[in-house]
Protein chains: 2
Amino acid sequence: MQREGSKKQQNVTIYDVAARAGFSVSTVSRVLNGFEFVRESTRERILEAAGELGYVANLQARSLAGGRSRFVGLLAPGLDSGYVGGISQGVDRSLASAGYGLMLFTTHHHRGQELGYIDTIANGLTAGLLITVPLVPKSYVEALQQQQFPVVLIDQADTSIQSSVVDITNWQGGYTATEHLIQLGHRRIGFITGLMALRSATDRLAGYKMALKDHDIAVDESLIVEGDYMREMGYAAARQLLTAAQRPTAIVASNDFTALGAMEAIHDQGLGIPGDVSIIGFDDIPEARVVHPKLSTVRLPLEQMGRLAVELLLEQIEDPHLQPKHITLSTQLIERQSCAAPRGGRL
Amino acid sequence: MQREGSKKQQNVTIYDVAARAGFSVSTVSRVLNGFEFVRESTRERILEAAGELGYVANLQARSLAGGRSRFVGLLAPGLDSGYVGGISQGVDRSLASAGYGLMLFTTHHHRGQELGYIDTIANGLTAGLLITVPLVPKSYVEALQQQQFPVVLIDQADTSIQSSVVDITNWQGGYTATEHLIQLGHRRIGFITGLMALRSATDRLAGYKMALKDHDIAVDESLIVEGDYMREMGYAAARQLLTAAQRPTAIVASNDFTALGAMEAIHDQGLGIPGDVSIIGFDDIPEARVVHPKLSTVRLPLEQMGRLAVELLLEQIEDPHLQPKHITLSTQLIERQSCAAPRGGRL
DNA sequence: AGGCTTGTTGCAAGCGCTTTCAAAGAGGAA
DNA sequence: TTCCTCTTTGAAAGCGCTTGCAACAAGCCT
């Protein structure tokens, strides 16, 4: 078998179309992009030729030559968290209805990669960038901004960065969850944090502390244990909390995964939920609704965040000189069955 | 405020680096790509210059000029199914460890878009393409193949397409699930199908039918109701099954979402699981483990599929002349608590 | 010493497309 | 009829990069 096509088959280019239609490439390009100053008959002939040849635009060339990309980049740490899943669904949908494509880039928490990616992506591949990745240095985002490159930060508010942001009231969520427990009569409330490098984690913790203070309950640092948003750590952290001398009667977990892990630990400890220990999570992932008992949680409007972020970004793409906007969405307490008054009422 | 930078700031190009290092662009290019025949000292000088200038490669230009893309495309119907999530996690991870980036494209089930995308993507943007989308016409995939463009189909085996494929034993899964129920003593077993346009759906159904036949149970078409892999349809379908004159004592759902919907319907009907009705799903999504009762299901090695698909694709990228391979992964029955012998034993 | 490798580097031609800028017709106005 | 304007089209210059080919220096052989 002769291999005659070792060199990748020549693609149909704008030149081929021009030749076939009997016009110059410039005219073809005009037809393909806008419709300024082209005679209708010409336009038709060219479109026809393009169709017959099965012409497909080469995006590289187009954007190299200065055309606009019809893709938007979404920079995310990974696909594993459900959190990203929720956001990207919203992003994906609104992007699609606006005629844009989505390019999802995952960084796997490699800091170096994140930076490299950002440059690369911003360097022509996409028309704009949505960032859900933590730890992106301020300077980078600023550099992008300076280049008039549209960027929207999602739930990564760094108040010092002058950039469009969509985020949620993490602080409020932590506060509400804790207060809910307090109003149920709890006094010893444990808290399992998220990955403390993330703003969302520190904010939730801050909300928790404030709620305690507002209700004249001293913050007991031994009741706060650090987690990482993962189920396993949730288990370990809860275990630590439960085996302490004075165990808490309720636990606030910084996300649902953590809460799920904690619930397992509570069960394994021979304790009942919410009889012995109440627990409340964060996120409202699908599992929260089906776990037994159903998990009370603070719902994050992830999909909505994605949608709004896209809106903001698209605006910015239209007009790069627009002032950055900051939208904050509120969280919502979803009461289910994992919280109850502590045994014996108020301790 | 004067807007002096209305034109996007000039990026650092290979020319700038060349000028700064005192070499030609060709040499810079060589250093940046491989290491063939470049003096070590030169190499260092150039790298240094690039670093100082903050040079970032322009991917468009590179791939336009014939360089290799370091991205792989994943074409998926959408992000909502969990199914895609599982696969893309596997894809993402192995890609990352191979030094490739992932570009995720969603088609939203718009047939037209799928085709347009494929061309566009194959047209230089990526080094290869993974397809999890159904309904991609044979001719398209073949055209890609002919151009030596690396493609791997995931769980979309169309035996008539000469292409690399990673799929799973959907048929076997349907068979096993059904047989499990039969061995428990069930005779009237309902089946809720998936989206029948998909190969996976028809295969699962075929497995179900065959299991019945092999055990001398007549296939009762009234026990088979069409679903679409969504929870809502699962609910409706189960409802239809349960309100029929002779309701089944067990139900096989074509995926876990459907099963979850069905479980809800069963409960709403005042029936118990598995007391009155046994149910078994497909996929083993995270919810299956936490729902009450825990859902027995046929586990799909989604992540592994993703991994293997990447392996196959990377091989093909290395050597486009490679013969297509076909890998089939097996499904696994996960027994949990949603299946039991029918009341009164064998009917 | 002259010729031939071998190792390095530069030149220049594109990749496919967009986008000025100028040219060529077509129609009026003078 | 000639000049001017407006519309439509083409020529050509890149965008930033890779790469085949030529050029050159140094080192080796005969």
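Residue contacts for B/Ser63: at a heavy-atom cut-off of 4.0 Å it reaches no nucleic acid atom on any strand shown. A/Tyr15 comes within contact range of at least one nucleobase, with a heavy-atom separation under 4.0 Å.
Residue order along DNA chain C, read from the 5' end via each residue's closest nucleotide, puts B/Ser24 first among A/Leu32 and B/Ser24. Comparing A/Gly22 and B/Asn58 by the nucleotide of DNA chain D whose heavy atom lies nearest to each, the residue mapping closer to the 5' end is A/Gly22. Map B/Ser41 and B/Ala61 each onto its nearest nucleotide of DNA chain C; the residue landing nearer the 5' end is B/Ser41.
For the pair A/Leu32/A/Leu47, a side-chain contact is recorded, criterion being any heavy-atom separation below 4.5 Å from C-beta on. Counting heavy atoms from C-beta outward, A/Val152 and A/Gln316 have side chains that approach closer than 4.5 Å.
What separates CG of B/Leu53 from P of D/dG16 is a distance of 14 Å, to the nearest Å. Note: CG (A/Asp16) to C1' (C/dG16) measures 10 Å, nearest angstrom. As rounded to whole Å, 18 Å separates atom P of D/dC17 from atom CZ of B/Phe23. Counting to the nearest Å, the P atom of D/dC17 and the CD1 atom of B/Ile46 are 13 Å from each other. Taking atom CZ on A/Arg45 and atom P on D/dT9, their separation rounds to 10 Å, with Å as the unit. Rounded to an integer number of Å, the gap from A/Gln60 CD to D/dC17 P is 14 Å. Atom CD1 of A/Ile14 and atom C1' of C/dT18 are 8 Å apart (whole Å).
Within 3.5 Å, a donor on the side chain of B/Arg30 pairs with an acceptor on the base of D/dG20, or the reverse. Counting distance only, with no hydrogens placed and no angle test, the side-chain atoms of B/Ser29 and the base atoms of D/dC17 include no donor-acceptor pair under 3.5 Å.
Under 4.0 angstrom from either OP1 or OP2 of D/dT18 there lies at least one side-chain N or O belonging to B/Asn33. Within the structure, every side-chain polar atom (N or O) of A/Arg62 is placed at least 4.0 Å from both OP1 and OP2 of C/dG16. The phosphate of C/dT9 (OP1 or OP2) has a side-chain N or O of B/Thr42 nearer than 4.0 angstrom.
Taking only side-chain atoms of A/Thr27, from C-beta outward, the nucleotide of D/dC17, D/dG10, C/dT9 with the closest atom is D/dG10. Here the side chain of B/Thr13 is nearest to one of D/dA12, C/dT9, D/dC17, namely D/dC17. For B/Arg39, whose side chain is taken as the heavy atoms from C-beta onward, the closest listed nucleotide among D/dA12, C/dT8, C/dG16 is C/dT8. Candidate nucleotides C/dT9, D/dG10, D/dT9 were compared by shortest atom distance to the side chain of A/Phe37, and D/dT9 ranks first.
In this structure, CG in A/Leu104 is found 7.5 Å from CG in B/Asp92, a value given to the nearest 0.5 Å. A distance of 11.5 Å separates CG in B/Leu95 from CZ in B/Arg307, rounded to the nearest 0.5 Å.
A side-chain contact (heavy atoms from CB on, under 4.5 Å) with B/Val28 is found for exactly one of B/Asp16, B/Thr13, B/Val17, namely B/Val17.
Between A/Glu303 and A/Arg93 a salt bridge is recorded (basic side-chain N to carboxylate O distance below 4.0 Å).
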